[in-house]
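Sequence lines set the chain letters: A, B, ... in the order given, protein chains first and strands last, and positions in each chain run from 1.
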Amino acid sequence: MYLANMMHALVIEALSELYGAAFTDKDFQINQTKPEFEGDYTVVLFSLLKKTSQSPQVLGEALGNKLVAENASFFSSFNIIKGFLNLTISNTYWVNLLATNYNDPCFGKQPLNGKRVMVEYSSPNTNKPLHLGHLRNNFLGWSVSEILKANGYEVLKSSIVNDRGIHICKSMIAWQKFGNGETPESSGKKGDHLVGDFYVMFEDELKKQATELLEKENAGEISHYSIEQQEQLIMLQQQRNKFLEEDDSKSKERITKIDAELMETRRGATDIMLEVKSMLLDWEAGKPDVIELWTMMNGWVYDGMNTTYYNIGSDFDKTYYESNTYLLGKDIVQDGLDKNTFYRKPDSSVWIDLTAEGLDEKLVLRKDGTSVYITQDIGLAKQKYDEYKIDQSIYVIGDEQNYHMKVLKLICQRIGLKYADDIHHLSYGMVELPSGKMKSREGTVVDADDIIEEMEKEAREKTEALGKVKDFSAEELQQLYHTIGLGALKFFLLRVDPKKRMVFNPEESIDFHGFTGPFIQYNYARIRSILRKNEIGDDAEKKNIYLALDFLPLEKELITSLEKYPVIIKQACEELNPSAIAVYIFNIAKTFSSFFAEHSISNAETPEKKQLRLHLSMMTANVIKSGMGLLGIQVPERM
RNA sequence: GGUCCGGUAGCUCAGCUGGAUAGAGCAUCAGCCUUCUAAGCUGAGGGUCAUUGGUUCGAAUCCAAUCCGGAUCACCA
């Protein structure tokens, strides 16, 4: 049990004995004592006054005396200021903590709890390379998996690859038209980038053709549209004209929307789009030459992405492909129809009514019997259970899908999926540029491979300028640049609360100073350097030796912070929030850094003091390495 | 329009199950390398915690309303 929990229990017990009053740990707070007061932890007394009918001073006095008298090995003294009871934890406790854990690399982690959880993350498209947003997703997914493991869960990491559909056909068509048989080998391009380039080429061509249609349209020529499209265009134009007359901000907004719809209709009528649609039908029919092209180009993308995954240290226990899962879920719909969970409308489409939960009616099967996005997700959710008997499922998906995920969970609950209550959406905000959203159509995305390379370059320049590792081999240097560069990037993306959207400015490079990965890595390297240079005693009597010593303020601050690590791990798990770890580890590193500047370890006042500081440093290093590990960030022995 | 999320220092963010004088980093300014790694340390300046009202002994934190920003409400995925 940890300090805060233990103290709550002791206070509850004492209050019950003193006043016969029953309290729970939610009835009062125990906080860390503010530095300007004496003590380590503070019981806030105000909320206890009514039930005990005491004044703060009297209650604090009684409680403090009792706690210290009956737990002398735990509390050494107390004082009361206004309604705050400040308790000082005895040195014995801190010494025991240090002596027991200083060399335990698993400090704070829990043994297996028998629960199995699947974390789905990454979920790339096979028509373009990974960008900065994907990196946030990957780092979050990986880190949350590690955090769950540290809390005793068995974790299965999975990914669903979006490898089919109309957008995939776009790059295929573009390759056929403009590719001249180009391959990753012939062009020297990474496979995912090559395919991504064709996707961009497609969009350019589409834009060109749509503009041509617009020009024809302006010249009064509309025969290239189908009757339906013509009607649509006329209707939209009429609406547009109506809003033009209004001339207020609301109408301007509507006009923008209508313009987008108009353009979408034109895009749908282009020759190249017709080719794409026909290719999608061929793909679904399993036409051999289309399947062959699809297999080949997807293979290029997988090769490229695997390189990136390897680079960032991401991996998966199970990869699902939409080409295999897109038909899943239909049997569940049939089953749900039999049980009246779903209902059929006159046009024979199938729906579920979620209005009781404040949502809408949701379509699960089209009138032609084909399934929609949500249907395959339901199917996949069930398949995950059938395959792995998971107790929990976590989806790392952007916050634009909040509604979708809410619907998915609700439907899973309605159809009685076993673990439906334990479906969690780890929703994260977009990574934006100062100019706004990244748009692949406009080429304003920050490419994952580029930014990683940029970070490593930055790490190299800074390392060379400092010149501390001149004896490293080329290989060791490369490894170091990778550790530092990637560490800076991961920390940058993980230190922020996942649900908040964040701004990345490509003009300003990601910092290596202050609240950053490299600062923490640097402190780790400094500790390792000291530990290499000094002999660490393994004296069985060390507890008794320490007991005679007083902790200096910075030493106390360090050990107090280290004690909280297990609680932080638990909290990060409950909140599915790696930033809690990031903030905590930074504070540990910062405290150590002050301590390091203030007090000498090698030349401590006495040999005993030196051993105490070495053990304190060792425990700090272990916690830093462990915590950074939970973020997926490595720490170097030297830098 | 409905629903959801956000608004804290010039910038990027912590703090939010109510507690003592609201914290970091960057940037700015002033100091600190002949002893363990200066990617560091010490200090200074910088705040109407979007606004208003409410609950409370006590509100950045809870409630309500308003303003601003974003997402979403497809027979797209």
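Side chain Asp399(A) to base C4(B): no donor-acceptor pair is found below 3.5 Å. Contact of Asp360(A) with A74(B) (side chain to base): no donor-acceptor pair of N or O atoms is detected under 3.5 Å. Remark: the Thr516(A) side chain and the A39(B) base include no donor-acceptor N/O pair separated by less than 3.5 Å. For U37(B), its base sits under 3.5 Å from the side chain of Lys468(A) at one donor and acceptor pair at least. Donor-acceptor pairing under 3.5 Å, judged by distance alone, is absent between the side chain of Thr33(A) and the base of A20(B).
With centres under 5.5 Å and a plane angle under 30° as the test, the ring of Phe515(A) is not stacked against the base of C26(B). By the stacking rule of 5.5 Å between ring centres and under 30° between planes, Phe519(A) does not stack on the base of G40(B).
The neighbour count for Lys345(A) NZ, taken as heavy atoms of other residues, nucleotides or ligands under 6.0 Å away, is above 12.
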Audit row: Tyr565(A), Met619(A), side chain to side chain contact (heavy atoms under 4.5 Å, CB included) steps and yes/no: CA-CA 11 Å; Tyr565(A) 184 49; Met619(A) 188 163 172; over 6 Å; no
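Taking atom CZ of Phe512(A) as the reference point, atom P of G40(B) lies 12 Å away to the nearest angstrom. Atom CZ in Arg638(A) sits about 14 Å away from atom P in A39(B), given to the nearest Å. One interatomic measurement links the two molecules: NZ of Lys362(A) to P of G2(B), which rounds to 20 Å at whole-angstrom precision.
Under a cutoff of 6.0 Å and an axis angle of 45°, Arg638(A) and Phe472(A) do not form a cation-pi pair. With Tyr481(A) as the aromatic partner, Lys457(A) does not meet the cation-pi criteria of under 6.0 angstrom to the ring centre and within 45 degrees of the ring axis.
Remark: Glu400(A) does not engage Arg501(A) in a salt bridge, criterion side-chain N to carboxylate O under 4.0 Å.
When distances run from any side-chain atom of Val583(A) to the nucleotides A14(B), A38(B), A77(B), the shortest one goes to A14(B). The side chain of Lys34(A) sits closest to A20(B) out of A20(B), C36(B), A77(B). With distances taken from any side-chain atom of Lys533(A) to the nucleotides G6(B), A14(B), C36(B), the minimum falls on C36(B). Comparing C57(B), U72(B), G40(B) by their closest approach to the side chain of Phe46(A) singles out C57(B).
In this model, the phosphate group of C13(B) is not approached by any side-chain N or O of Arg501(A) to a distance below 4.0 Å at OP1 or OP2.
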